[in-house]
Number of protein chains: 2
Amino acid sequence: MSLRYALLALLRTGPLSGYDLQKQFSVSVGHVWHAPDSQIYPELRRMHVDGLIEPEEQVRGVRGTRILYHVTETGDAAFLDWMNSPLEYQRVRDPAHLRAAYLESTSPEQATIFLLRHIEQWRDELGQWERELTRIDAVDNPMLVRRLAVTPESEHARTIAFKRFTYEGLVERARTEIEWAERGLELVDRLSAEASLRAPAGDA
Amino acid sequence: MSLRYALLALLRTGPLSGYDLQKQFSVSVGHVWHAPDSQIYPELRRMHVDGLIEPEEQVRGVRGTRILYHVTETGDAAFLDWMNSPLEYQRVRDPAHLRAAYLESTSPEQATIFLLRHIEQWRDELGQWERELTRIDAVDNPMLVRRLAVTPESEHARTIAFKRFTYEGLVERARTEIEWAERGLELVDRLSAEASLRAPAGDA
DNA sequence: AATTGCATGTAACAGGTTACATGATTGC
DNA sequence: GCAATCATGTAACCTGTTACATGCAATT
């Protein structure tokens with residue numbers, strides 16, 4: 001049920017349409033909580049039904065409309081309640097470590113491919129998050145700017161500090177994953193070397 | 001769809017019942033892939049329908065039965081295919097970092113509570129994984145023992161090495177999370193101190 | 001006039017969670 | 001005789017994914 005709070009967090013910076021939210025999901029909050037558009041639109045409806053947000057229809061051109069959603073007082077309270085409630089941690093479900101635990105069942109080559117892909121995967125994430133960190137420092141992220149615009153100036157440093165803190169955590173996590181997989185590559189090589197010592201294949 | 005491969009991984013050490021598997025999920029593979037019993041029994045049926053496993057009914061007492069599942073050749077091949085196929089990474093969906101990004105919306109006290117809980121959460125995981133590491137070193141984990149029993153001795157070191165590698169990764173991840181949250185606590189304190197410098201509350 | 005981007009959704013399905021439901025066996 | 005635990009599931013629900021579906025507006 002975090003989707004609704006991710007949406008509320010964005011909407012608390014000011015009204016946005018489903019489409020706006022969808023885009024933000026791919027660049028800002030999407031870095032910590034992915035959601036496809038097919039999930040966002042129905043959820044917005046439910047949030048409206050629950051009184052957390054209020055739609056405002058806007059005319060676009062001759063016949064087009066777009067719906068801007070405003071956070072209601074109820075919605076604001078719901079967000080703050082969530083912030084102050086114990087977080088529900090998700091059960092572990094980690095395909096990479098699941099596979100890692102059984103790498104002995106495949107060849108060193110396949111193990112290497114798996115580990116290289118793991119490194120690639122996390123390097124991509126790392127790149128995104130590092131870029132986001134520099135954007136935060138430059139106060140260049142559109143959502144952060146929106147957020148600061150509706151925040152008293154005395155709170156600006158705090159707001160930025162927590163965003164930075166969040167992305168620092170993500171960056172460290174990515175680095176940890178990469179280092180782990182790199183040690184895995186060394187392990188695969190070491191095991192292969194040991195095996196070929198015991199049973200040389202290419203020798204006479 | 002990793003559940004089925006987690007189940008196959010366990011069954012490849014020899015036949016087990018749904019109940020056995022359920023227990024293993026809470027102590028071995030469950031450390032990387034959680035699954036409740038209500039998911040395991042239906043999945044075993046589907047795996048039987050798909051020809052990956054073969055049930056063997058066993059009499060228990062006068063009327064009780066238990067069903068042992070054996071991996072078929074098809075099942076074995078399916079597992080190895082999975083091992084050699086690109087891993088499907090899950091989209092990021094991280095409630096802790098989502099909340100961290102908006103900690104400025106709550107009080108320092110609530111932020112502290114959140115961070116302390118995060119530390120507690122990961123310390124629990126860390127403890128489990130560290131215990132598992134010592135069990136691996138002592139060759140004391142029942143599933144590892146089963147696994148080694150059906151593995152040629154020349155492969156024992158490899159098998160143990162990858163298990164160790166897996167849990168080392170989990171341990172590092174937990175440590176990274178804990179360190180991050182501890183830095184978060186310092187940040188909250190620092191921000192509170194700065195705020196009370198600018199607007200002293202307890203003073204005359 | 002065509003392309004890109006804005007804007008809104010529906011439907012079918014897969015995967016996972018929670019709660020419910022039942023009964024037998026074994027050890028004390 | 002009772003408790004623990006072995007052993008098997010069903011049902012309803014929620015969340016998320018993938019694919020499909022439509023059409024206007026602004027720019028080139």
Side-chain angles (χ1 to χ4, degrees), chain A residues 1-7 10-11 15-27 29-30 32-50 53 55-69 82 88-95 98 142, chain B residues 1-7 10-11 15-27 29-30 32-50 53 55-69 82 88-95 98 142:
Chain A
M1 270 299 255
S2 294
L3 171 58
R4 108 173 358 200
Y5 301 105
L7 291 170
L10 292 175
L11 288 172
L16 292 164
S17 69
Y19 187 77
D20 295 333
L21 287 162
Q22 197 200 124
K23 271 190 309 177
Q24 289 317 313
F25 260 80
S26 54
V27 295
V29 75
V32 290
W33 194 273
H34 167 80
D37 53 331
S38 65
Q39 208 189 345
I40 291 173
Y41 287 106
E43 183 62 24
L44 287 170
R45 295 228 171 153
R46 280 191 292 269
M47 289 165 73
H48 171 42
V49 169
D50 294 346
I53 55 179
E56 173 200 352
E57 288 216 6
Q58 276 202 337
V59 191
R60 237 174 58 93
V62 186
R63 283 204 293 159
T65 58
R66 73 183 218 136
I67 304 164
L68 285 184
Y69 287 98
W82 177 73
E88 284 179 40
Y89 284 86
Q90 301 175 126
R91 306 304 179 92
V92 54
R93 207 162 268 125
D94 182 340
L98 173 60
Chain B
M1 269 299 256
S2 293
L3 172 58
R4 106 171 2 197
Y5 302 105
L7 291 170
L10 292 175
L11 289 172
L16 292 164
S17 69
Y19 187 77
D20 295 332
L21 287 163
Q22 196 199 124
K23 272 190 309 176
Q24 288 317 314
F25 260 79
S26 53
V27 295
V29 74
V32 290
W33 195 274
H34 167 80
D37 53 332
S38 64
Q39 208 189 346
I40 291 173
Y41 287 106
E43 182 63 21
L44 287 170
R45 295 227 172 152
R46 279 192 292 270
M47 289 165 72
H48 171 41
V49 169
D50 294 347
I53 54 179
E56 172 199 354
E57 288 216 6
Q58 276 202 338
V59 192
R60 235 176 58 94
V62 187
R63 283 202 292 157
T65 59
R66 74 182 217 135
I67 303 164
L68 286 184
Y69 287 97
W82 176 73
E88 284 178 41
Y89 285 86
Q90 301 175 128
R91 308 301 180 93
V92 55
R93 206 162 267 126
D94 182 341
L98 173 62

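So you know, we letter chains A, B, ... as the sequences are listed, proteins then strands, and number each from 1. The structure presented is a predicted model; accordingly, all values stated were derived computationally and were not measured.
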Shortest non-hydrogen contact between B/P95 and A/E88, atoms and distance = CG-O, 4.0 Å
By side chain to side chain contact (heavy atoms under 4.5 Å, CB included) - contacts of B/Y19 (at least two apart) = B/S17, B/Q22, B/K23, B/Y41
The side chain of B/P36 lies closest to which of these nucleotides: D/dA7, C/dT18, C/dC6?
-> C/dT18
Each nucleotide of nucleotides 9-15 of chain C classed B (base within 4.0 Å of a protein heavy atom), S (only sugar-phosphate) or -, in 5' to 3' order, makes BB----S
If you check the B/Q22 side chain, which of D/dT8, D/dT17, C/dA7 turns out closest?
-> D/dT8
By side-chain hydrogen bond (donor to acceptor under 3.5 Å, both in side chains), which residues pair with A/D94, not counting sequence neighbours?
-> A/H97, B/R173
Roughly, in whole Å, what's the span from CE in A/M47 to P in D/dC14?
-> 17 Å
Rounded to the Å, how far apart are A/H34 NE2 and D/dG16 P?
-> 10 Å
Exam field: side chain A/E43 to backbone A/L7, donor-acceptor pair closer than 3.5 Å = no
When rounded to whole Å, the CZ to P distance for the pair A/R46 and D/dC13 reads 14 Å
Between B/R91 and B/D20, which has a closest nucleotide on DNA chain D that is more 5'?
-> B/D20
Expressed in angstrom and rounded to an integer, what is the separation of A/E88 atom CD from D/dC14 atom P?
-> 14 Å
Applying side chain to side chain contact (heavy atoms under 4.5 Å, CB included), name anything that partners B/P42, two or more places apart in sequence or on another chain.
-> B/R46
Between OH of A/Y89 and P of C/dG16 the distance, given in whole Å, is 22 Å
Return the set of residues passing side-chain hydrogen bond (donor to acceptor under 3.5 Å, both in side chains) with B/R91 (not counting sequence neighbours), or none when no residue passes.
-> A/H34
Taking atom C1' of D/dT15 as reference, at what distance in whole Å does atom CZ of A/R4 sit?
-> 12 Å
Distance in angstrom units between B/L7 CG and C/dG16 C1', rounded = 14 Å
Calculate the interatomic distance between B/E43 atom CD and C/dT17 atom P; express it in whole Å.
-> 13 Å
Side-chain N,O (A/S17) to OP1/OP2 (C/dT8) below 4.0 Å | yes
With sequence neighbours left out, write down each residue that passes side chain to side chain contact (heavy atoms under 4.5 Å, CB included) with A/L10, or none if nothing qualifies.
-> A/L16, A/L21, A/Q24, A/F25, A/S28, A/V29, A/M143, B/Y102
